[in-house]
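I'd like to ask some things about the structure below.
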Amino acid sequence: MDIIHEGKVKRVFQEPDSPERVIIEFTDTVTAGDGKKRQVIEGKGELACRMSEYLFGYLEGKGIDTHYVKPLSGARLLCRKVAIYPIEVVCRNIAAGSFCRRYGLERGEPLRRPLVEFFVKDDSLHDPLIAKDSIILLGLLEEDVLQFMKSVTLSANYYLTELFRQQELTLVDFKLEFGSTKDGHVVLADELSGDTMRVWDNDSTSVDKDVFREDKGDLIEAYTQLVDSLKMTRPEDVSLRPETVKVIVDPKGGIKNPPGEVTKKALVRLGFSDVEEVRVGKIFKIQLKRPLTSEILNQLRMMSVKLLSNPISEKHEVSLD
Ligand code: TMP
Ligand code: ASP
């Protein structure tokens, strides 16, 4: 089999019979701190693979598109072939890890709401935190892809948090990667395991890679506990979370906008003499039955052109924030 990519802990092979499929193999290597700390722990790859298989399958079942297709023997998964975006997306519910170091917080401080952060996927730069505006300015992602990733990350956070909660485990934070399929769909990719998330049990004990990062126990024991807990979850008990998106309809400049003219006159009459021009648009808040996918995003664009806006006199924008 041809190897397409060799990462620190996974290998990606071309599936010989299908150009749009790859085989991802999870190795027993575990690394931390940009690979500075490294060890081979027998059985780790198989456990990380089983977690990824379970969690990708679960998220697919809730309507989130992923690269996962099916399990293969050994520590391997059959996946859709994607081009991975150069941004890692981290979602945090509780302060831990680099968030505590960066802002001087205590480990374990709950965050008021889930926080989504973006990092550049580049070990030679030590995966730096990056602002959304910088991502756009540097051309690392298109704005709509960035918004889409954030929206999917928050949905995944809800579904994963609820699943772990069933086993009295707390999802502290996790990292996601996204990729684009040949037909342009943006899907969740890479892995979802103890290697890429922090999970605490009742007394805030880590059952994730922090066991290895901080030398605080047996990683295989922790990962086995996670896999066994996942097997006991009931995905069907986690209810679907309604998603809200906005379509913003913005009147184009240079075209008469009578409601805007009326509003402007009224404002000036009230004494707001600095108002030069007003244009009135519309915002549609649309509640979806299931998480956002690239396909639904395309449908929203079609709705905007066909019904929600008049493409001759108005611009439209799908906003996921
Ligand atoms: P951090 O606190 O080190 O920034 O990590 C946040 C989450 O992201 C944590 O669950 C571990 C995960 N993560 C990765 O999966 N890969 C990485 O390279 C880093 C830095 C973090
Ligand atoms: N820095 C990553 C982590 O600690 C892994 C690595 O860089 O080797 O999760």
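Everything numeric in this text was worked out from a predicted model, so none of it was measured. All ligand and atom numbering here is 1-based and tracks the order in the structure.
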Next item on the list: Could you list which atoms of ligand 1 come closer than 4.0 Å to a heavy atom of Gly97?
Entry: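 In order of numbering, the contacting atoms are 2 (O).
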Item checked: Heavy-atom pair of closest approach, residues Ile84 and Lys121 ->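 Shortest heavy-atom contact: CG2-CE, 3.9 Å.
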Next item on the list: Determine whether more than 12 heavy atoms belonging to other residues, nucleotides or ligands lie under 6.0 Å from atom CD1 of Ile312.
Entry: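 Incorrect, the count does not exceed 12.
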Next item on the list: Nearest heavy atom to atom 17 (C) of ligand 1 wins, so pick from Glu88, Lys8, Glu117.
Entry: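 Checking each option, the heavy atom nearest atom 17 (C) of ligand 1 is found in Glu88.
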Checklist line | Contact with ligand 1 for Asp195, non-hydrogen, under 4.0 angstrom | finding: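 Per 4.0 Å heavy-atom rule, Asp195 contacts ligand 1.
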Check: Hey, which atoms in ligand 1 end up nearer than 4.0 Å to a heavy atom of Val90?
Finding: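 Matching atoms, with element in brackets: 6 (C), 8 (O).
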Next item on the list: Please identify which atoms of ligand 1 are closer than 4.0 Å to at least one heavy atom of Asp127.
Entry: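 In order of numbering, the contacting atoms are 18 (O).
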Margin query: Surrounding CD of Gln287 (heavy atoms of other residues, nucleotides or ligands, distance under 6.0 Å), is the total greater than 12?
Written below: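 Atom CD in Gln287 is crowded, with more than 12 foreign heavy atoms closer than 6.0 Å.
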Notebook entry, point to check: Using 4.0 Å as the upper bound for N to carboxylate O, is an ion pair formed by Lys282 and Asp250?
Noted result: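 Salt bridge: no.
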Notebook entry, point to check: Is it the side chain (CB and beyond), the backbone, both or neither of Arg213 that lies under 4.0 Å from ligand 1, heavy atoms counted?
Noted result: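 It is the side chain that touches ligand 1; the backbone stays farther off.
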Next item on the list: Under 4.0 Å from a heavy atom of Ser98: give me the atoms of ligand 1 that qualify, with their elements.
Entry: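 Those of ligand 1 that fall under 4.0 Å from Ser98 are 1 (P), 2 (O), 3 (O), 4 (O).
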Item checked: Numbering as shown, the atoms of ligand 1 that approach Phe174 to under 4.0 Å (heavy-atom distance) ->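 Counting atoms of ligand 1 from 1, those under 4.0 Å from Phe174 are 10 (O).
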Margin query: Atom CG of residue position Asp183 - does it have more than 12 heavy atoms of other residues, nucleotides or ligands inside 6.0 Å?
Written below: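 It does: Asp183 CG has more than 12 such atoms within range.
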Checklist line | Flag if over 12 foreign heavy atoms under 6.0 Å of CZ, Arg102 | finding: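 Atom CZ in Arg102 is crowded, with more than 12 foreign heavy atoms closer than 6.0 Å.
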Next item on the list: Before signing off on this row, confirm whether Arg198 and ligand 1 have an N or O atom pair separated by under 3.5 Å.
Entry: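 Looking only at distances, the answer is yes, because the N/O contact criterion of under 3.5 Å is met.
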Check: Ring centres of His5 and Phe13 under 6.0 Å apart?
Finding: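 No - the distance between ring centres of His5 and Phe13 does not fall below the 6.0 Å cut-off.
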Check: Can you tell me if CG on Asp203 sees more than 12 non-hydrogen neighbours from other groups inside 6.0 Å?
Finding: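 More than 12 within 6.0 Å, yes.
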Next item on the list: Give the contacting part of Met197 toward ligand 1: side chain, backbone, both or neither, where contact means a heavy-atom distance below 4.0 Å.
Entry: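 Backbone only.
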Notebook entry, point to check: Does ligand 1 have a heavy atom under 4.0 Å from the side chain of Arg92, from its backbone, from both, or from neither?
Noted result: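 Under 4.0 Å from ligand 1, Arg92 contributes side-chain atoms alone.
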